[in-house]
Amino acid sequence: MLDLIILSLHYFICFLISIAVWRGPKDMDLHSSSTEGAETEAPDGLVFIGKEEDIKMSQTITAKVDGREIVVFYHEGKFHALDSRCYRKIFACVISDIDGQACIVCPWHKFKITLETGEGLYEGVNPLEPSPIPKWQSKGVKQRIHKVTIDNGNVYVSPPDLSVSFDSDYYADKYKNGGELAMGK
């Protein structure tokens, strides 16, 4: 019974942290069609996200690019940008090391998604091995990642190339078109 109480408390705290991070003051609403001048949009169509030092300090920032919510992480000296909705629901902004790769772990579904590639990971065994040992394996790319560019201390993100589809697009579009109520939060 005590284990159940501790587990419930853990999930509740994780939920509160994810809401605080998701709704935090770092949220910005940026659109690639913005006409706010040279500082907010690079000539080649990149979308201004924020100042490099500010994002390094906060480690995470959310923004909207073409109405699509993304999250930019600064982790171990690198910037990473992904859709803010995992291929099932929503990210909490907690980064874990999984088999030597920086990953986001969905607090509801426990899906593990790499920051570098958007690849989904799972731990499984090969039943054909004499003594199967669980190993981390790929589900393939599940999460749309966005190219990050740093220029003169500014962080920019490339608008998504929607000619290629990823599992996360379903929830990104659902949130974009229906808001929070469509997400069943």
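Quick caveat, the model's predicted, so the values are computed rather than measured.
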- Min side-chain heavy-atom separation Ser158-Leu46 under 4.5 Å: yes
- Message: For a 4.5 angstrom cut-off between non-hydrogen side-chain atoms, does Asp167 reach Arg144?
- Response: no
- Item | Asp151-Thr149 side chain donor-acceptor pair, cut-off 3.5 Å | no
- What's the shortest heavy-atom distance between Gly124 and Gln137, and which atoms? O-NE2, 3.1 Å
- Taking the side chain from Asp161 and the backbone from Ser163, do they hold a donor-acceptor pair closer than 3.5 Å? yes
- Query: If we only count heavy atoms from C-beta on, is the Val157 to Val72 side-chain gap below 4.5 Å?
  - Reply: yes
- Query: Above 12 or not: heavy atoms from other molecules or residues under 6.0 Å from CG of Asp97?
  - Reply: yes
- List in chain and number order the residues that pass side chain to side chain donor-acceptor pair (under 3.5 Å) with Glu52, two or more places apart in sequence or in another chain; answer none if no residue qualifies. Lys56
- Message: Clusters formed by hydrophobic residues whose side-chain heavy atoms approach within less than 4.5 Å: which one holds Phe166, and what are its other members?
- Response: Val141, Val164
- Query: Does the side chain of Ser168 come within less than 4.5 Å of Gln143's, by heavy atoms?
  - Reply: yes
- Item | Euclidean distance, Ile113 CD1 relative to Ile145 CD1, rounded to 0.5 Å | 12.0 Å
- Message: In the structure I gave you, are the side-chain heavy atoms of Lys51 and Met57 within less than 4.5 Å of one another anywhere?
- Response: no
- Message: Could you measure the distance from the CG atom of Asp99 to the CH2 atom of Trp136? Nearest 0.5 Å is fine.
- Response: 8.0 Å
- Message: Strictly below 4.0 Å, N to O, side chains only: are Arg68 and Asp169 in salt-bridge contact?
- Response: yes
- Nearest heavy-atom pair of Asp66 and Pro159: which atoms, and what distance? OD2-CB, 3.6 Å
- Message: Tell me whether Thr60 contacts the main-chain N or O of Phe73 through its side chain, where contact means a donor paired with an acceptor under 3.5 Å.
- Response: no
- Pair Tyr74-Gln59, side chain to side chain donor-acceptor pair (under 3.5 Å): steps then yes or no: CA-CA 5 Å; Tyr74 180 74; Gln59 304 285 306; over 6 Å; no
- Task: Please name all residues satisfying side chain to side chain donor-acceptor pair (under 3.5 Å) with Lys147, sequence neighbours left out, ordered by chain then number.
- Result: none
- For Ser138 and Leu121, the nearest pair of non-hydrogen atoms, with its separation, is CA-CD2, 4.3 Å
- Task: Can you run down the salt bridge (charged side-chain N to carboxylate O under 4.0 Å, His left out) pairs that involve residues 116-125, sequence neighbours left out, and say none if there aren't any?
- Result: Lys78-Glu116
- Query: Residues in side chain to side chain donor-acceptor pair (under 3.5 Å) with Thr114, at least two apart?
  - Reply: Thr117
- Applying side chain to side chain donor-acceptor pair (under 3.5 Å), name anything that partners His80, two or more places apart in sequence or on another chain. none
- Atom pair CD1 (Ile61) and CZ (Phe79), whose distance is rounded to the nearest 0.5 Å: 10.0 Å
- Min side-chain heavy-atom separation Leu82-Ile70 under 4.5 Å: no
- Message: Donor-acceptor check, side chain of Asn152 to backbone of Asn154, threshold 3.5 angstrom: yes or no?
- Response: no
